[in-house]
Amino acid sequence: MPILTVPIGPDGPILSLQVGISEPRRRAMEADDLVVPAHQTALLLIDTGASHTCVDPSIIRALDIQPSGIAYMHSASTGEKPEPRYQFDLSLWIPIDGPSLHPLARAMSVMECTFQFHGFHGLLGRDILDKCRMEYVGPLRQVVLSF
Amino acid sequence: MPLESLKEEAETYERHKAELVKQNEGRFVLIKGSRVAGVWDTYEDAVSAGYREIGVNSPFFVKQISGVERVQFISREIAPCQS
């Protein structure tokens, strides 16, 4: 079972992971002899207050993909009415034991939200956290995730 | 915020929603334009079918079928999206 220790910084626990196109899309692109975009390194804040994982448009643009869904979102900024946001078909990978990558999700819909004024590229939400055990070790300033 | 891409697909979903919910609630529907291409048990199966049948260069719409529109909650402040 992969175990990750994530330091808690001033903004909270921020995990560095790799974001790529989904595995079904990668297989389809390779079958068509298309160049598969490289994974993007993204800093995601582990956020139990987010029901859905979201990433900044800069990550989406680098992967050169089109939206595959629309979700409605309530946040501290949206007021009473939920706002529609695009969803994108992505994969998430975490580094385990050096350069090897472990899939957090081979295909999942991720919501697009702007984080340009934050010190991270998105939020790791409960759709992913539901798949792991999470321990907040305050005295050591770290969060331990076991997948 | 207007979302022009996938607008037709979202309208197709709304038109077919009642029948989809009745027979396939919780499953994942694949829609291209005004056509419901099929329903699958998992998100991964639905997008796999989308790339196989529609291709990687043409957008398609995948949605989990639900009688009640599920709203995602983000507790922090999020800037408006540019798209």
Side-chain angles (χ1 to χ4, degrees), chain A residues 11-12 21-32 34 36 45 47-54 56-57 60-61 64-78 81-87 89 91 105-109 111-118 123 125-127, chain B residues 1-14 17 20 27-33 36-38 40-83:
Chain A
D11 289 325
I21 61 171
S22 73
E23 284 297 281
R25 182 172 176 83
R26 181 188 61 77
R27 287 193 296 268
M29 291 186 77
E30 287 178 349
D32 290 349
L34 298 172
V36 174
L45 176 70
D47 189 351
T48 58
S51 63
H52 205 69
T53 294
C54 15
D56 189 75
I60 306 285
R61 277 196 303 274
D64 192 23
I65 52 175
Q66 301 180 70
S68 56
I70 295 171
Y72 287 84
M73 181 193 76
H74 246 314
S75 76
S77 328
T78 54
K81 195 175 175 190
E83 273 186 7
R85 297 292 173 115
Y86 279 129
Q87 293 173 297
D89 178 38
S91 62
R106 292 178 186 276
M108 68 178 291
S109 69
M111 200 160 53
E112 180 187 45
C113 296
T114 301
F115 291 96
Q116 60 182 338
F117 302 116
H118 296 74
L123 305 175
R126 295 197 305 273
D127 49 351
Chain B
M1 179 194 335
L3 301 183
E4 289 305 317
S5 178
L6 300 181
K7 186 174 177 219
E8 183 182 7
E9 285 81 359
E11 289 170 354
T12 300
Y13 174 75
E14 288 302 321
K17 185 173 173 179
L20 287 167
R27 302 178 76 203
F28 293 82
V29 63
L30 169 66
I31 296 174
K32 176 61 181 171
V36 175
W40 284 265
D41 287 336
T42 68
Y43 172 80
E44 186 165 349
D45 287 345
V47 293
S48 295
Y51 293 125
R52 194 170 54 243
E53 296 174 16
I54 298 164
V56 296
N57 292 320
S58 183
F60 55 78
F61 181 85
V62 171
K63 187 173 180 70
Q64 188 166 27
I65 299 163
S66 175
V68 178
E69 184 63 44
R70 190 170 171 204
V71 175
Q72 304 300 335
F73 287 91
I74 309 288
S75 59
R76 66 184 51 243
E77 193 166 347
I78 305 285
C81 229
Q82 305 304 312
S83 54

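Letters A, B, ... are given to chains in the order of the sequence lines, protein chains preceding strands, and every chain is numbered from 1.
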When heavy-atom pairs shorter than 4.5 Å are enumerated against chain B, which of A:A76, A:S22, A:P82, A:G125 gives the highest number?
A:A76

Side-chain atoms of residues 63-72 of chain B: list all donor-acceptor pairs with protein atoms under 3.5 Å, sequence neighbours left out, distances to 0.1 Å.
{"unit_1": "B:K63", "atom_1": "NZ", "unit_2": "B:E69", "atom_2": "OE2", "d": "3.0"}
{"unit_1": "B:Q64", "atom_1": "NE2", "unit_2": "B:G26", "atom_2": "O", "d": "2.9"}
{"unit_1": "B:S66", "atom_1": "OG", "unit_2": "B:V68", "atom_2": "N", "d": "3.3"}
{"unit_1": "B:S66", "atom_1": "OG", "unit_2": "B:V68", "atom_2": "O", "d": "2.6"}
{"unit_1": "B:Q72", "atom_1": "OE1", "unit_2": "A:S51", "atom_2": "OG", "d": "2.8"}

In A:I65, A:I21, A:L34, the residue satisfying side-chain contact (heavy atoms from CB on, under 4.5 Å) with B:V56 is A:L34

How many angstroms lie between atom CD of A:E23 and atom OG of B:S48, to the nearest 0.5 angstrom?
10.0 Å

Under a 4.5 Å heavy-atom cutoff, which of A:R126, A:M73, A:Q87 has the most pairs with chain B?
A:M73

Can you tell me which portion of A:T78 sits under 4.5 Å from chain B's heavy atoms? Options are side chain, backbone, both or neither.
neither

Heavy atoms only, distances under 4.5 angstrom: which of A:T48, A:L123, A:D56 has the most pairs with chain B? Name it, please.
A:L123

For chain A, the option from B:F60, B:Y13, B:F73, B:F61 that forms the most heavy-atom pairs under 4.5 Å:
B:F73

Per-residue tally against chain B (heavy atom, under 4.5 Å) across A:D47, A:D32, A:D89 peaks at A:D89

Residue pair A:P24 / B:Y51: nearest heavy atoms and the distance that separates them:
C-CD1, 3.8 Å

A:P67 versus chain B, heavy atoms under 4.5 Å apart: side chain, backbone, both or neither?
both

Relative to chain B, which segment of A:R27 carries a heavy atom at a distance below 4.5 Å: side chain, backbone, both, or neither?
side chain

Which atoms of B:T42 approach chain A - backbone, side chain, both or neither, heavy atom under 4.5 Å
neither

With chain B, the option among A:S109, A:A105, A:S68, A:A31 that has the most non-hydrogen atom pairs under 4.5 Å is A:S68

Measuring from B:I74:CD1 to A:C54:SG, what's the distance to the nearest 0.5 Å?
4.0 Å

